[in-house]
Asker: 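First, the structure itself, so that you have it in front of you.
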Amino acid sequence: SFELFFPTKKVGIFSVYGLGGLSTIISQSTPNKKEYFDYDLGIIGLSHQVRINDKNYIKSNLSFSDRVDTYQSAQKFSNYRTDNYYNNFNDYAISFSINMTSKLNAKNTLKTGIKYSKFYYNYFEESYNSFSPLKNIYTDDDGTTNQSQAYVSWKYRINSKFTLVNGLHFLQLDLNGHYVLEPRSAIKWQLNSTQSFSFAFGMHSRTEPFQTYLDVTRKGNDTVRLNQHLDFSKSRHYILSYDKILTENLFFKIEAYYQQLYNVPVAEDTSSSYSTLNYGAGYYKGKLVNEGTGRNYGIEITIDKKFYKSYFFLISASLFESKYTARDKVERNTAYNTNYVSNYIIGKEFWFGHKRKNMISTSIRVNWIGGRRYTPIDIERSRLYNYQINSKNEVYAKKMEDYYRIDIGVGYIHNHPKFNSELRLDIQNVTNRKNIFEMHYDPLTKDIEKTYQLGLIPVLSYRIEF
């Protein structure tokens, strides 16, 4: 990654930035199943910010991004058959945004902005087995689409105690032919110099991954997109929060929220439990309709010690529920209803050397997350038919063991006359804990096998800052 700044005297500050990475993971939980995960990402952009006068400020951004997501698996069976699956999803986009902040007077501030994105996609997905020359091609599509967004936000300082923010957000996607205009509002009550309450309400729409709109079926000799005209998933968000400044550098926040989800794409089949709220935990091949619902609610607590006297720490914890309902009218846990998430991080710097030009930075991060939801495997029926059959009556009803991980890092920073350099070693999952990724039925062992997430990972990096 990199970011270069080019300040000017009259036309503001320009910056060029970029980020890139390649990732390959090979997983073989048993000798009978092998999986390959490849993920490549590249982003480059140009941003500009300029103050027009004492009351108006403009920031704009132009970026190009490219993403390639590839997955391949091979599953062996006792009759010498091998089932293969392969997908390759390639997206790249050109985006431009411009935002303007205008301080109209002491009580009123107006923010406006627009963002336009041109998306290019190329998707391919197939499955086949070693006994048949025929391949099942689920997706083989490429094309372009446009997405437009705009917003306006008005901040009104009623008096020294109350501040009101009202706004509108616009979203349009050409691929499905839908658009929406949504209101959002918040009010803040400043009790005193160290305490405040806030309440916010907003309506939010979400586009689905493009693969959802491009799923196809055959009608005679024609290929028809089943879900191209799906509407957006929609939700109403309610948030109540309390902020407290404990000391000059120590802050406390507690927040309660409720999200009412509706218009969610679900399987048209009234006996199906599929909802796009669980996207990533499974993908449905078939007709979808905007008749699903869901709800998320919970409480979050944050204690934040800002960097002061060479150290900082951050503690955050969340307790929540996440539910959904498909066309079968049964409310279930979503795949992501882990019920609790907590993160702890602390960092400390040690200066040394001539004129304190050198520094050792250290950090420790702990993640503790409730176990992932999963649908139990019907082991008796799976053995009978020799392939995995899940229990239809216990969709996401069970939880795996809790996810737990400790990361540590240490870096050496040297301040040169015109630049700084850092050599850093980060060790992810330093205890090499085996966190379960998934469970599946193995047709050769005729038993349930576990696949684990990555163990200990050392990452060595070198960075230069001018």
Side-chain angles (χ1 to χ4, degrees), residues 1-5 7 13 15 17 19 47 49 51 57 59 101 109 155 157 160-161 163 165 186 188-198 200 239-256 299-319 340-369 404-430 459-466:
S1 63
F2 68 91
E3 186 169 14
L4 305 174
F5 293 90
I13 301 173
S15 65
Y17 61 90
L19 171 68
S47 68
Q49 48 188 322
R51 184 172 293 278
Y57 173 84
K59 185 174 183 179
T101 301
T109 301
K155 181 179 180 181
R157 189 170 181 266
S160 60
K161 295 290 186 181
T163 301
V165 179
K188 182 179 180 180
W189 174 25
Q190 190 73 44
L191 278 73
N192 51 46
S193 60
T194 64
Q195 299 181 82
S196 66
F197 281 100
S198 298
I239 303 172
L240 177 64
S241 61
Y242 168 74
D243 291 80
K244 170 70 174 177
I245 302 175
L246 301 176
T247 68
E248 183 179 357
N249 303 289
L250 186 61
F251 303 87
F252 170 84
K253 182 173 185 175
I254 184 168
E255 181 176 283
I299 187 169
E300 297 180 358
I301 298 175
T302 303
I303 301 175
D304 185 6
K305 163 65 172 63
K306 301 297 183 183
F307 187 82
Y308 180 67
K309 292 187 176 180
S310 298
Y311 81 99
F312 72 94
F313 66 80
L314 176 67
I315 300 173
S316 62
S318 177
L319 299 174
Y340 49 87
V341 174
S342 60
N343 297 281
Y344 315 86
I345 182 171
I346 184 170
K348 172 71 176 174
E349 294 181 350
F350 303 89
W351 292 90
F352 66 95
H354 181 61
K355 295 184 179 180
R356 295 171 61 86
K357 288 186 177 181
N358 303 317
M359 182 182 71
I360 297 292
S361 67
T362 61
S363 64
I364 300 176
R365 179 191 297 270
V366 179
N367 298 325
W368 181 20
I369 304 173
Y404 182 74
R405 193 178 93 178
I406 301 177
D407 303 336
I408 63 172
V410 59
Y412 168 69
I413 299 174
H414 181 66
N415 294 309
H416 302 272
K418 295 185 177 181
F419 67 93
N420 299 331
S421 63
E422 180 182 13
L423 178 64
R424 185 171 184 84
L425 175 64
D426 291 288
I427 302 178
Q428 300 175 10
N429 195 8
V430 67
V459 179
L460 185 66
S461 62
Y462 183 72
R463 182 172 65 177
I464 298 177
E465 292 184 348
F466 296 94

Asker: For the residue pair K188 and S198, what are the closest heavy atoms and their distance?
Answerer: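 Between these two residues, the closest heavy atoms are CG-OG, 3.6 Å.
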Asker: Do you know which two heavy atoms are closest between S363 and R424, and how far apart they sit?
Answerer: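 Closest approach of S363 to R424, heavy atoms only: OG-NH2, 3.0 Å.
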Asker: How close do I413 and S361 get, heavy atom to heavy atom, and via which atoms?
Answerer: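 Here I413 and S361 meet closest at CD1-OG, 4.5 Å.
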Asker: Taking the cut-offs as 6.0 angstrom to the six-membered ring centre and 45 degrees off its axis, would you call K244 and Y242 a cation-pi pair?
Answerer: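 Judged by the rule (NZ or CZ under 6.0 Å from the ring centre, within 45° of its axis), K244 is not positioned above Y242.
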Asker: If I compare all heavy atoms of G409 with all of D426, which pair ends up nearest, and what's the gap?
Answerer: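 For G409 and D426, the tightest heavy-atom pair comes out as CA-OD1, 3.5 Å.
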Asker: In sequence, state the C-alpha distance, the side-chain angles, and the governing distance for F313 and I364, and then conclude on side chain to side chain contact (heavy atoms under 4.5 Å, CB included).
Answerer: CA-CA 10 Å; F313 66 80; I364 300 176; over 6 Å; no
Asker: Among I315, I254, L319, whose side chain to side chain contact (heavy atoms under 4.5 Å, CB included) with I301 holds?
Answerer: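 With I301 as partner, side chain to side chain contact (heavy atoms under 4.5 Å, CB included) holds for just one option, I254.
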Asker: Is any side-chain heavy atom of E248 less than 4.5 Å from a side-chain heavy atom of Y308?
Answerer: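 SC-SC contact between E248 and Y308 ruled out.
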Asker: Testing the 3.5 Å rule here: is there a donor-acceptor pair between the side chains of N249 and T247?
Answerer: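 N249 vs T247: no donor-acceptor pair found between side chains.
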Asker: Who pairs with F252 by ring pair (Phe, Tyr, Trp, His ring centres under 6.0 Å), at least two apart in sequence or on another chain?
Answerer: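 By the ring pair (Phe, Tyr, Trp, His ring centres under 6.0 Å) rule, F252 matches no residue at all.
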Asker: Taking the side chain as C-beta and beyond, is there a heavy-atom pair between F350 and S310 under 4.5 Å?
Answerer: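 With C-beta onward as the side chain, the pair stays apart.
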Asker: So, do T109 and T101 sit near enough that their side-chain heavy atoms are less than 4.5 Å apart?
Answerer: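 Yes, side chains in contact.
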Asker: Mind checking the CG-OG1 spacing from L246 to T194? Nearest 0.5 Å is all I need.
Answerer: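 Separation between the atoms: 8.5 Å.
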Asker: When you measure from the side chain of K306 to the backbone of F251, do you find a donor-acceptor pair of N or O atoms at a distance under 3.5 Å?
Answerer: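 No.
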Asker: Pick one: which of I427, N429, T362 meets side chain to side chain contact (heavy atoms under 4.5 Å, CB included) with I408?
Answerer: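 For I408, the side chain to side chain contact (heavy atoms under 4.5 Å, CB included) test succeeds with only one of I427, N429, T362, which is I427.
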Asker: Show the nearest heavy-atom pair for residues S196 and L191, with the distance to one decimal.
Answerer: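 Heavy atoms only, the tightest pair is CA-CD1, 4.1 Å.
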Asker: For S316 and T302, work out which heavy atoms get closest and say how close.
Answerer: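 Closest heavy-atom pair between S316 and T302: CB-OG1, 4.2 Å.
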Asker: Say whether, by atom type as modelled, one donor and one acceptor occur between the side chain of N415 and the main chain of K357 under 3.5 angstrom.
Answerer: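 Here the side-chain-to-backbone pair exists.
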Asker: Dump the intermediate steps for side chain to side chain contact (heavy atoms under 4.5 Å, CB included) on N367 and R365, then the final yes or no.
Answerer: CA-CA 7 Å; N367 298 325; R365 179 191 297 270; 4.0 Å; yes
Asker: Just by modelled atom types, is the A317 backbone N or O under 3.5 Å from a matching donor or acceptor in the E300 side chain?
Answerer: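 Not at all, since once roles are kept as given, no pair shorter than 3.5 Å links the two residues.
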Asker: Can you tell me how far apart CZ (F352) and CE (M359) are? Round to the nearest 0.5 Å.
Answerer: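 Between atom CZ of F352 and atom CE of M359 there are 9.5 Å.
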Asker: For S15, check side-chain contact (heavy atoms from CB on, under 4.5 Å) against everything at least two apart and list the hits.
Answerer: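 With neighbours one apart ignored, the set is E3, F5, S47.
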Asker: Only counting residues at least two apart or in another chain, list the ones meeting ring pair (Phe, Tyr, Trp, His ring centres under 6.0 Å) with H414.
Answerer: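 Ring pair (Phe, Tyr, Trp, His ring centres under 6.0 Å) check on H414 returns H416.
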Asker: Is the closest side-chain heavy-atom distance between Q428 and V459 below 4.5 Å?
Answerer: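 Of all side-chain heavy-atom pairs linking V459 with Q428, at least one is under 4.5 Å.
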Asker: Go through it in stages, so that I can follow the logic: the residues are D304 and F312, the test is side chain to side chain contact (heavy atoms under 4.5 Å, CB included), and I'd like the CA-CA distance, side-chain angles, deciding distance and then a yes or no.
Answerer: CA-CA 8 Å; D304 185 6; F312 72 94; over 6 Å; no
Asker: Has K253 got a side-chain atom pairing as donor or acceptor with I303's backbone, closer than 3.5 angstrom?
Answerer: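 Flag not set: sc K253 to bb I303 has no pair under 3.5 Å.
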